[in-house]
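Here is the structure we will look at, set down as structure tokens.
All chains are named by letter (A, B, ...) in the order of the sequence lines, taking the proteins before the strands, and each is independently numbered beginning at 1.
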Protein chains: 4
Amino acid sequence: MKAKDGDDQDARTFTQQARRAQIVQAAIETVAEVGYPNTSFSKIAQRAGLSSTGMISYHFARKPELFAEVVNTILRAAGDITATRMRTAATYRAKLRAYIESNFEFIARHPAYTQALVEIVTGIRFRDTTSLGGLEKAVVSVDGLTDFLSEGRAAGEFGRFDSFTMAVSIRGAIDNFLRQHMFDGDLDIARHGREVADIFDLCTRPGAGASN
Amino acid sequence: MKAKDGDDQDARTFTQQARRAQIVQAAIETVAEVGYPNTSFSKIAQRAGLSSTGMISYHFARKPELFAEVVNTILRAAGDITATRMRTAATYRAKLRAYIESNFEFIARHPAYTQALVEIVTGIRFRDTTSLGGLEKAVVSVDGLTDFLSEGRAAGEFGRFDSFTMAVSIRGAIDNFLRQHMFDGDLDIARHGREVADIFDLCTRPGAGASN
Amino acid sequence: MKAKDGDDQDARTFTQQARRAQIVQAAIETVAEVGYPNTSFSKIAQRAGLSSTGMISYHFARKPELFAEVVNTILRAAGDITATRMRTAATYRAKLRAYIESNFEFIARHPAYTQALVEIVTGIRFRDTTSLGGLEKAVVSVDGLTDFLSEGRAAGEFGRFDSFTMAVSIRGAIDNFLRQHMFDGDLDIARHGREVADIFDLCTRPGAGASN
Amino acid sequence: MKAKDGDDQDARTFTQQARRAQIVQAAIETVAEVGYPNTSFSKIAQRAGLSSTGMISYHFARKPELFAEVVNTILRAAGDITATRMRTAATYRAKLRAYIESNFEFIARHPAYTQALVEIVTGIRFRDTTSLGGLEKAVVSVDGLTDFLSEGRAAGEFGRFDSFTMAVSIRGAIDNFLRQHMFDGDLDIARHGREVADIFDLCTRPGAGASN
DNA sequence: TATGAATGAGTATTCATTCAT
DNA sequence: TATGAATGAATACTCATTCAT
């Protein structure tokens, strides 16, 4: 009779899952449109066609639980595209290009998702532990990318550089392009994806390395 | 008498300007400490030692006007450091390194400023009515950096790349490092500044260029 | 089929009665634990192992109907103890002592009941529409005790006093001890029961009486 | 710009004190009419003629702060009457009578106050520390009365009895009469005050004492 | 200028109750 | 009977803004 918390989605009925998904979707669109700080339960409820905010509270025990699911949903969607594209690439260099370009592809395919993600991630207090229950860490994290770069370097496909710094730079380049796109709207996403891939293809080349 | 809007600071008395600066300073510190969504007029007033939030409303017609000035203040401070450092560098390549490293220096020297900037920029919607009056464009903009890169390429100091894409990547790398730093706290800022400069020094080298 | 109201328990099936009793029990425990204002249908349902608050609404037409039954249940339990103990006493004086001490015994044996009763009785307004349907009268009433004292006086076992005033005093002494006990927790209930009995044994003595 | 907490009433302006008193008064009346659990900020605001509940929050930082002041106000009013009447009495026995009768006088003179007090005291969870900040202890407490009875016994004016038990009984008799009065309304308060005083005059007589 | 009182819309969350299944 | 989804009003509390002084 109360909203469950955590990730035991199996325990939820089909109807519950559908409603939750509907609310999450409305939340994403709302955040994308009016920004995270201006996103209230009533706006979400209105967009979702719910009769009252009570319906949201019925399905999500607390506000952070809703936004945790929102972030999770977006991250899963982005991860799916990226993982698929990287798997089909043979070399580390090709995988890096696949990573970068698939991120741009996601931006193009799910503009609201990317926009919402940026809003939430930076809108949420970083040290605020009550917010998303560690999920904000997952969003900011470049751990996976760092490891990937280290592996590639170990395999001799990349040059000399600090994996973490490079990962932060790559991720930052992608995210900042997203911000530019949110602002401008009419950028050629695919082309810029290729260009960014070019840039980091260049500075990760074997043989090349920090010279000072 | 009503609060003025915009940039006609000349019309303001010395006392007015001092009060505004005091409020802006308190706003920056408050945002840095509690985050943009938790920043209220009363918290700012408290920190500024004002007896009433009415004082803020008296000096700033609307909430966005205050935060526009906040952003302006921060941007000016950051721009000062960067411009000075770049001026003393002789070559375009050296200037680029100066640009990157001075940005990291700003992060180290004014943590509250950088933190507040990140909070506000993403806390405020980009194209809505309550926004910062064109200022968010200035925040996101990489026009200056783009032009600089183009000049450098024309001068033959840089390789083949799209100036805008490169500018977005550089700016994104810096900003993402800032985010990581806000999250982690104990990163070696100067070292990472040098490493990021190394990375982009590498991929802007003359002779090098996009290969596909 | 709709939930019945009032006292026609005969019309209810065995299952219905069992469910009602189960809910009433859960309500008592809940009130005793978290207090009347914090007692909600969902908390009661949870404690009763019901899957939905709808189940409560199904068995009790309105919230006051549930709490009327709660009060009734408690009153009946208290009345049982008191009546039994009084019956075994021979004289009116002994019966009065039995009444007082058995009330303290009830407090000791059913702390949750007494606690819940106090919470509910003062939590529910006396003359409003959402009340307990005359039951609050039964709770407050000292009619039975008044009559008993009058009979005792007629039998010559008690002294000169106003029966109603004495009844109110006796009942008040007991109830206030209960309040103190709820506050303190570690009072010697049986001992205080005897002492209160002593006090009223003293001032109901024949020969003694109001002197002004 | 925020409501002050605690008891530093000196720090408040005249207007603030007046508003607070007005709100407290409205709160008392509201509690007396609809009961403590049904008393909400909006009902109080309505009765006080305030435009919104925000006005209450402006003057009282938190709900318990308001009700603490309510209880304080009532206790002060009751204490004034009682203290005055007791001071003019010469002997301990006379003082006890004064205590009892002045309590009844208070009931007669301030029916809303007494009613509200009963509602709040028993409506509030006893162990709930967040409620009135220890004030509920003051309300329930019979320490003063207990001490007074002990002194009187030491002075030889009273008989043998446990001071605490007697104090609880006296206070309980008074409070229960109040409850009866809230229910009935047309009791002769002064007369019952005298009768209750008679009762306890009787059982506190020197020479008399517990006999078992 | 500056104060502080006031406003009214806003927030998330809880609640008893209803109802289709 | 029983479930759980849904409703809509209610809760205390916060906020930017206004305004008389």
Practice prompt. Step by step, work out the side-chain contact (heavy atoms from CB on, under 4.5 Å) result for D:Phe14 and D:Gln17.
Written response: CA-CA 5 Å; D:Phe14 174 76; D:Gln17 285 196 3; 5.6 Å; no
Worksheet item: Does the side-chain contact (heavy atoms from CB on, under 4.5 Å) test come out yes or no for B:Val31 and B:Val70, once each step is laid out?
Response: CA-CA 10 Å; B:Val31 169; B:Val70 164; over 6 Å; no
Discussion item. For B:Tyr36 and B:Phe67: C-alpha separation, side-chain torsions, deciding distance, then whether ring-ring contact (aromatic ring centres under 6.0 Å, His included) applies.
Written reply: CA-CA 10 Å; B:Tyr36 180 70; B:Phe67 284 101; 5.0 Å; yes
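Comparing C:Thr15 and A:Ser52, the nucleotide of DNA chain F nearest to each residue sits closer to the 5' end for C:Thr15. Between C:Arg19 and A:Arg19, the residue anchored nearer the 5' end of DNA chain F, judged by the nucleotide with its closest heavy atom, is C:Arg19. Between B:Met55 and A:Met55, the residue anchored nearer the 5' end of DNA chain E, judged by the nucleotide with its closest heavy atom, is B:Met55.
For E:dT1, neither phosphate oxygen OP1 nor OP2 lies less than 4.0 angstrom from any side-chain nitrogen or oxygen of B:Gln16. Between B:His59 and E:dT1 there is no side-chain N or O to OP1 or OP2 distance below 4.0 Å.
Using a 4.0 Å cutoff on non-hydrogen atoms, the parts of residues 41-51 of chain D near DNA chain F are D:Phe41, D:Ser42, ordered by number.
Using a 4.5 Å heavy-atom threshold, the side chains of B:Leu66 and B:Ile44 count as touching.
In this structure, A:Ile23 places its CD1 atom 14 Å from C1' of E:dA12, rounding to the nearest Å. Atom CZ of D:Arg20 and atom C1' of E:dG4 are 15 Å apart (whole Å). The interatomic distance linking D:Glu65 (CD) with F:dC13 (P) rounds to 10 Å, in whole Å. With rounding to whole Å, A:Phe60 atom CZ is found 12 Å from F:dA6 atom P. The nearest whole Å value for the distance from the CD1 atom in B:Ile56 to the P atom in F:dC15 is 12 Å. Rounded to whole Å, atom C1' of F:dT14 lies 17 Å from atom NZ of D:Lys63.
Contact annotation: side chain of D:Tyr58 to base of E:dA6, donor-acceptor pair absent below 3.5 Å. For A:Thr53 against E:dT13, a side-chain-to-base donor-acceptor contact under 3.5 Å is present.
Checking F:dA2, F:dA16, F:dA5 against every side-chain atom of B:Ser40, the shortest atom distance belongs to F:dA16. Across F:dT18, E:dA2, F:dT1, the shortest atom-to-atom separation from the side chain of B:Ser57 is found for F:dT18. The side chain of B:Arg62 approaches F:dT17 more closely than any other nucleotide in the set E:dA2, E:dG8, F:dT17.
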Worksheet entry | Dot-bracket encoding per residue of DNA chain F, Watson-Crick/G-U cut-off under 3.5 Å, | denoting interstrand | .||||||||||||||||||||
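Residues meeting the side-chain hydrogen bond (donor to acceptor under 3.5 Å, both in side chains) test with B:Gln22, sequence neighbours left out: B:Arg19. Residues satisfying the salt bridge (charged side-chain N to carboxylate O under 4.0 Å, His left out) criterion with A:Arg47, sequence neighbours excluded, are A:Glu29, A:Glu33. Remark: D:Lys43 engages D:Thr30, D:Val34, D:Asn38, D:Ser40 in a side chain to side chain contact (heavy atoms under 4.5 Å, CB included) (not counting sequence neighbours).
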Can you give me the N/O atom pairs linking the protein to nucleotides 19-21 of chain E at distances under 3.5 Å, or say none if there are none?
none

